[in-house]
Amino acid sequence: MEMSLEKQLDIIKRGAVEILPMDELVKKLEKSIRNNKPLKVKLGLDPSAPDIHLGHTVVLQKLKQFQDLGHEIILIIGDFTGRIGDPTGKSTTRKQLTEEEINKNAETYKKQIFRILDPKRTEVVYNSHWLANFKFEDVIRLAAKTTVARILERDDFKKRYEDNQPIGIHEFFYPLMQGYDSVELKADIELGGTDQKFNLLMGRNLQKEYGQEGQIALMMPILEGLDGIMKMSKSLNNYIGVEDSPKEMFGKVMSIKDELIIRYFKLVTQLSNEEINIMEQEMTRGKNPRDYKIKLAKTIIGQYHNASDAIKAEEEFINIFSKNQMPENIDEIELMVDGDGNYWVPKLLQILGLVNSTSDGKRVFDQSGVKINGEKITEVNIKVENAMVIQVGKRKFAKIIIK
RNA sequence: GGGGAGAUUCCCGAGAGGCUAAAGGGGGCAGACUGUAAAUCUGUUGUCUACGACUUCGCAGGUUCGAAUCCUGCUCUCCCCA
């Protein structure tokens, strides 16, 4: 199981933005090989947003690699921090989660994470186990291990401070709590995105304060979302979830900007660097990026679903967007028809859930974005018929079932 | 404890008594085009029983024929001094 130092380093380094400090990682690995003792690799998870998306998988893939190298993987569910609520930015305090919600989220998390990691060899722990027992005295002792100036070095604190945005005192405790997790677990390595640098190093410092060997901080890049600018996140709605349907995944991948294709290949697939380089060269030589995007979509769907789903998704995509046909499976919506079955289209669209309001529906209609059975309509009042397919824009469909 | 500044629509940000459902940008949606739900261009972007009506500028009152704009109180945020 144990690979040579060189090989391990090769795998560990791949894709990582920064490893701090590198020489200590080498030492830890040497020791691990010598004593045949796996390293403890830690990753913290926030239980408030239980939908894992490709952005998270960048780090998870790395964790998987450690796992395959025979090291010990520990996932920390940050239920304690989640219970307190983290008011990031603005005045919108994040709602506090109940124990029940957290447990539910944690279960969802595990299910999704185990699409990547091996459940049998992954330890999952909750940080409330130790943090919930902290006395005020313990809190003070922990807080005394750092200074305000140091905390304000953290990027987002610094920005908010400079932009005159509010920062709650309790927010200062987040890095401390996360860092303490490392102390509790005696972690050897902690993974995170580059935005976690401060927190990871805080863990290292705290471990030393508590007389332990400091952990290694390994940072992976932050994946941009579908817009290509902001980081992928659920709240920005620019994400591809690992539980998205093949159809959704396909469409979403096709909507990324062409410039992002290679980066996605590198960060969220297991294709070799050689393969990726070849594609990059072919594109610069003028090959259609669309075809590589299709390959990317199929690769991703293959990872989270399977190859035949990927092919189906591709066919459907081509039918709808290239050939302008209707999809095979359209959501059927039951409609209680009163009287003669005549409807004002904006209202109908709203009832069917294709638009948010009748005003919205009117706008879409005015911009000739409504089709019935594939034909653009120009009449605002229509008579509904059973099995009629109403379409808004290119991708919203509903089949009416009259009750 | 004292003194200043501020809160505007999904977000950022103009507006300083009627011409304001509120400039501009971002985002969203639709259309055109296309090699893609890329890029580009155009339109649109409070709600409704829809050529009209109703509700929105932190919250609650008040002045006025008329308030996002003026007054009072409250809530929240930031800065400076101590």
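Chain letters run A, B, ... following the sequence lines, proteins first, then strands; residues in each count from 1.
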Taking only the [atom1] atom of each, what is the distance from [N] to [M] in whole angstrom?
N	M	atom1	result
U69(B)	A22(B)	C1'	12 Å
G58(B)	C10(B)	P	13 Å
C12(B)	A7(B)	C1'	14 Å
U47(B)	A32(B)	C1'	30 Å
G25(B)	C19(B)	P	22 Å
U20(B)	C76(B)	C1'	27 Å
A82(B)	G17(B)	C1'	40 Å
U9(B)	G1(B)	P	31 Å

ask   = C76(B): syn or anti, with syn meaning chi within 90° of zero?
value = anti
For the pair made of [atom1] in [X] and [atom2] in [N], what is the distance, rounded to whole Å?
X	N	atom1	atom2	result
Lys287(A)	A38(B)	NZ	C1'	19 Å
Leu348(A)	U49(B)	CG	C1'	16 Å
Ile256(A)	A38(B)	CD1	C1'	9 Å
Glu314(A)	U36(B)	CD	P	12 Å
Asp258(A)	A38(B)	CG	C1'	4 Å
Asn356(A)	U47(B)	CG	P	8 Å
Lys323(A)	U34(B)	NZ	C1'	17 Å
Gln165(A)	A7(B)	CD	C1'	12 Å

Starting at [atom1] of [X], measure out to [atom2] of [Y] and round the result to the nearest 0.5 Å.
X	Y	atom1	atom2	answer
Asp68(A)	Leu63(A)	CG	CG	10.5 Å
His53(A)	Lys234(A)	NE2	NZ	9.5 Å
Ile372(A)	Ile400(A)	CD1	CD1	7.0 Å
Ile189(A)	Glu72(A)	CD1	CD	11.5 Å

Distance check: side-chain N/O of [X] vs OP1/OP2 of [N], anything under 4.0 Å?
X	N	answer
Thr358(A)	U47(B)	no
Lys293(A)	A38(B)	no
Ser359(A)	U47(B)	yes
Lys347(A)	U49(B)	yes

ask   = Phe66(A) versus Ile11(A): any side-chain heavy-atom pair under 4.5 Å?
value = no
query = Does the pair Lys362(A)/Asp366(A) count as a salt bridge with the N-to-O cut at 4.0 Å?
reply = yes
ask   = Looking at Glu224(A) and Lys257(A), does any basic side-chain N land under 4.0 Å from a carboxylate oxygen?
value = no
task = For Gln212(A), look at atom CD and say whether over 12 heavy atoms of other residues, nucleotides or ligands are found less than 6.0 Å away.
result = yes
task = Tell whether Asp291(A) reaches the base of U36(B) with its side chain through a donor-acceptor pair below 3.5 angstrom.
result = no
query = Cationic tip of Lys293(A) within the cone over Tyr264(A)'s six-membered ring, i.e. under 6.0 Å and within 45° of the normal?
reply = no
Would you mind pulling out the nucleotide paired to [N], Watson-Crick or G-U wobble, both distances under 3.5 Å?
N	result
A7(B)	U75(B)
A32(B)	U40(B)
U56(B)	none

query = Tell me, for nucleotides 25-31 of chain B in 5' to 3' order, what letter each nucleotide earns: B for a base near a protein heavy atom under 4.0 Å, S for only sugar-phosphate near one, - for neither?
reply = ----SSS
ask   = Mapping Ser357(A) and Gly286(A) onto RNA chain B by nearest heavy atom, which one lands closer to the 5' end?
value = Gly286(A)
task = Consider the side chain of Pro166(A), meaning its heavy atoms from C-beta on, and name the nucleotide among A50(B), U36(B), C78(B) that approaches it most closely.
result = C78(B)
task = Using a heavy-atom cut-off of under 4.0 Å over every strand shown, decide if Phe250(A) touches base, sugar-phosphate, or nothing.
result = nothing
